[in-house]
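First up is the structure itself, then whatever we jot down about it.
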Amino acid sequence: MFDAKILDDKTVQLFGRFDAAQVEKARVVFDQVKGPVEVDFTGLEYISSAGLGILLMTQRRLKEGGRGGLRLTNMNKHIRDVFQYAGFDQVFEIV
Amino acid sequence: MNRNEKKTGMRLTINSSTDRLREVRDFVSDRARDAGFRDEVVHTIALCCDEACTNVIKHAYANAPDREIDIRIIPRRDEMEIVITHDGESFDPDTIKSPDMKEYLSHYRKGGLGLHLIRSLMDKVFYKQGNGSRYEVHLVKFHSSP
C-alpha cells in the first residue's frame, strides 16, 4: 500500500511503502507541486531508490524554476538512514 | 502465487513485477532476523534485495511482468548470502560505474542509485552465469559488519 496526498498548497503527505511499484502514482502527485512544500513522512514506512528518485526530480524542477524546494519532515529512523546512505541528506532540508 | 512459483524455507520464486517487491523484502527480512542480524542491518539487507530485484525487472526483463525471479538464502555461520537468479538479458553491473554521488546530487542525475546503495551496504556483491541462460546476482552480508 502506498498513497501520496496534497493536503493544501504547502503539504504533501506520504503513506505506506514507496518502492518501484509506486513511481507512477507518486509522479502524478509530485508533478502537481508548483512551489516549496513540506513533505510529511509520518505515515511512510519504507522508501527505496525509486522513491528517492521522484523526490530528487521534484527538487530539481523546483530549484531550476527558482521555486524553492522540498522540506522533509517526520521520517522514521530507517528512512532517515536511507537518505544518509544515499547522501540525500545533503540535498534536502530534513527536519 | 502462480502455479509455478515456489516458496520454501530459504527460497522464494516470484514473477518479475514490482508489485512483488514487498514480498521479497518481507521474505528476506524474516530470514535475516532469524539469522540473528540486528534490526538496522535487516532493513539494509531487505533494501538491497529490493534494489537488486528492481534492477533485474528493469534491465534484464525490460519491465516484462511475467518472467521469473528466484531468491535463495544461504545462511552460514559468519555471513548470509542472497542469490537472485533470472534468465533475462545479461547485464553485468560490474561494467556499470556507481555514480559520482557529489556530481549526481549537485546535478540531480537519474539512475544508478540502487546499485550505489547495494555496493555501499553489502559486504560482497558479485555476478555470475548460472545454469544454461540463467544469471545470478550474489549479495553477501557478514555478521561482523558494523
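Small disclaimer: the values here were computed from a predicted structure and weren't measured. To find a chain, count down the sequence lines: A is the first, B the second, and so on, and within it residues start at 1.
No side-chain donor-acceptor contact under 3.5 Å links B:Ser17 and B:Asn15.
Aromatic ring pairs are classed by plane angle as parallel below 30°, tilted from 30° to 60° and perpendicular above 60°; the pair B:His143 and B:Phe37 is parallel. Taking the six-membered ring for Trp and thresholds of 30 and 60 degrees, A:Phe92 and A:Phe83 have ring planes more than 60 degrees apart, a perpendicular arrangement.
Contact of B:Arg22 with chain A is made through backbone and side chain together, with heavy-atom distances under 4.5 Å. Residue contact with chain A, scored on non-hydrogen atoms closer than 4.5 Å, is absent for B:Ser120. At a 4.5 Å heavy-atom cutoff, the contact between A:Leu52 and chain B is made by side-chain atoms alone. Heavy-atom distances place the side chain of B:Thr44, and not its backbone, under 4.5 Å from chain A. Looking at B:Leu117, the atoms closer than 4.5 Å to chain A (heavy atoms on both sides) all sit in the side chain, from C-beta outward. For B:Ile57, no part sits under 4.5 Å from any heavy atom of chain A, backbone or side chain.
Comment: B:Asp70 does not engage B:Arg134 in a salt bridge, judged by the lack of any side-chain N to carboxylate O separation of less than 4.0 angstrom.
Within a 6.0 Å sphere centred on NZ of A:Lys5, other residues, nucleotides and ligands contribute 12 heavy atoms or fewer.
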Open item on the list: Determine whether B:Glu89 and B:His59 satisfy the following criterion, side-chain contact (heavy atoms from CB on, under 4.5 Å), listing intermediate values before the conclusion.
Closed with: CA-CA 7 Å; B:Glu89 289 295 314; B:His59 301 298; over 6 Å; no
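Heavy-atom pairs under 4.5 Å with chain A were tallied for B:Glu51, B:Glu40, B:His43, B:Lys58; the largest tally goes to B:His43.
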